[in-house]
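The structure appears right after this line, and notes come after that.
Whatever order the structure lists ligands and atoms in, that order sets their numbers, starting from 1. Computation of the quantities below employed the complete heavy-atom set of this structure, encompassing side-chain atoms and omitting hydrogens, waters and symmetry-equivalent molecules. Values in this document were obtained by computation on a predicted structure and should not be read as measured data.
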Amino acid sequence: MASIFSRIVAGEIPCYRIAENNDFLAFLDINPLAKGHALVIPKKETDYIFNIEDEELAAMMVFAKKVGLAIEKTIPCKRIGVTVIGLEVPHAHIHLIPINSIFDMDFSKTKLALSPEELEEIRSKIVANL
Ligand code: 5GP
């Protein structure tokens, strides 16, 4: 069965889309740790990030860098934390999270509950900074 992220790629499930090219898609995490928390995924479904071919993985990180810099311009923070977990959704993804301290990368924290309007506002500001 297609992963939830493949269904997003296919347009079957909506997302707050930040950027895409032929191979990758970036969108806001629906249950963010911080405002601007985004995910970068390969459009081709692969569960484990280290099963992605070298060249594609390198390109994915370059794509994530571009998105991360736009998030950093948009959301006041010390830097963008970059991490891969992948225990919930079996479709490789890089988390990009605006952080001010190590505690902002704590995935056991309660997630933010942002309204659709707030998510859309964040999304459009990030897109404007791309
Ligand atoms: P992980 O697999 O890295 O442990 O976590 C998966 C991440 O994907 C979580 O941060 C979760 O909030 C996010 N997520 C799960 N389902 C959806 C979805 O349908 N849409 C979006 N935008 N994010 C999702």
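Aromatic pair His93/His95: centroids less than 6.0 angstrom apart.
Those atoms of ligand 1 that come under 4.0 Å of a heavy atom in Gly86, given as number and element, are 1 (P), 2 (O), 3 (O), 4 (O). Taking every heavy atom of Ile4 and a limit of under 4.0 angstrom, the matching atoms of ligand 1 come to 19 (O). Those atoms of ligand 1 that come under 4.0 Å of a heavy atom in Phe27, given as number and element, are 21 (C), 22 (N). Near Ile85, meaning under 4.0 Å from any of its heavy atoms, are these atoms of ligand 1: 3 (O), 4 (O).
With hydrogens left out, the protein atom closest to atom 18 (C) of ligand 1 is Ile30 CG2, 4.0 Å, a heavy atom. Closest to atom 11 (C) of ligand 1 among all protein heavy atoms lies Asp29 OD1, 3.4 Å. Here the protein heavy atom with the shortest distance to atom 22 (N) of ligand 1 is Leu28 O, 2.9 Å.
Where the criterion is an N or O separation shorter than 3.5 Å, residue side chain and backbone included, His37 fails it with respect to ligand 1. Annotation: Ile8 places no N or O atom under 3.5 Å from an N or O atom of ligand 1; distance criterion only.
Annotation: side chain of Ile13 is in contact with side chain of Ile4 (closest heavy-atom distance under 4.5 Å).
By the salt bridge (charged side-chain N to carboxylate O under 4.0 Å, His left out) test, Glu120 pairs with Arg123, sequence neighbours left out.
At least one heavy atom of Leu39 sits closer than 4.0 Å to an atom of ligand 1. For Phe5, the closest heavy-atom approach to ligand 1 falls below 4.0 Å.
Rounding to the nearest 0.5 angstrom, the gap separating the CG atom in Leu39 from the CZ atom in Phe27 is 5.0 Å.
Closest heavy-atom approach to atom 4 (O) of ligand 1 within the set His95, Glu88, His93, Arg7: this belongs to Glu88.
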Check your understanding: Would Ile18 and Leu28 satisfy side-chain contact (heavy atoms from CB on, under 4.5 Å), going step by step from the backbone distance to the final call?
Key -> CA-CA 7 Å; Ile18 296 169; Leu28 291 178; 3.8 Å; yes
Exercise for review: Walk me through it: do Tyr16 and Ile30 pass the test side-chain contact (heavy atoms from CB on, under 4.5 Å)?
Suggested key: CA-CA 8 Å; Tyr16 294 90; Ile30 203 73; 4.0 Å; yes
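Checking side-chain atoms of Glu45 against main-chain N and O of Ala2 turns up no donor-acceptor pair under 3.5 Å.
Side-chain N/O atoms of Thr46 and Asn51 include no donor and acceptor closer than 3.5 Å.
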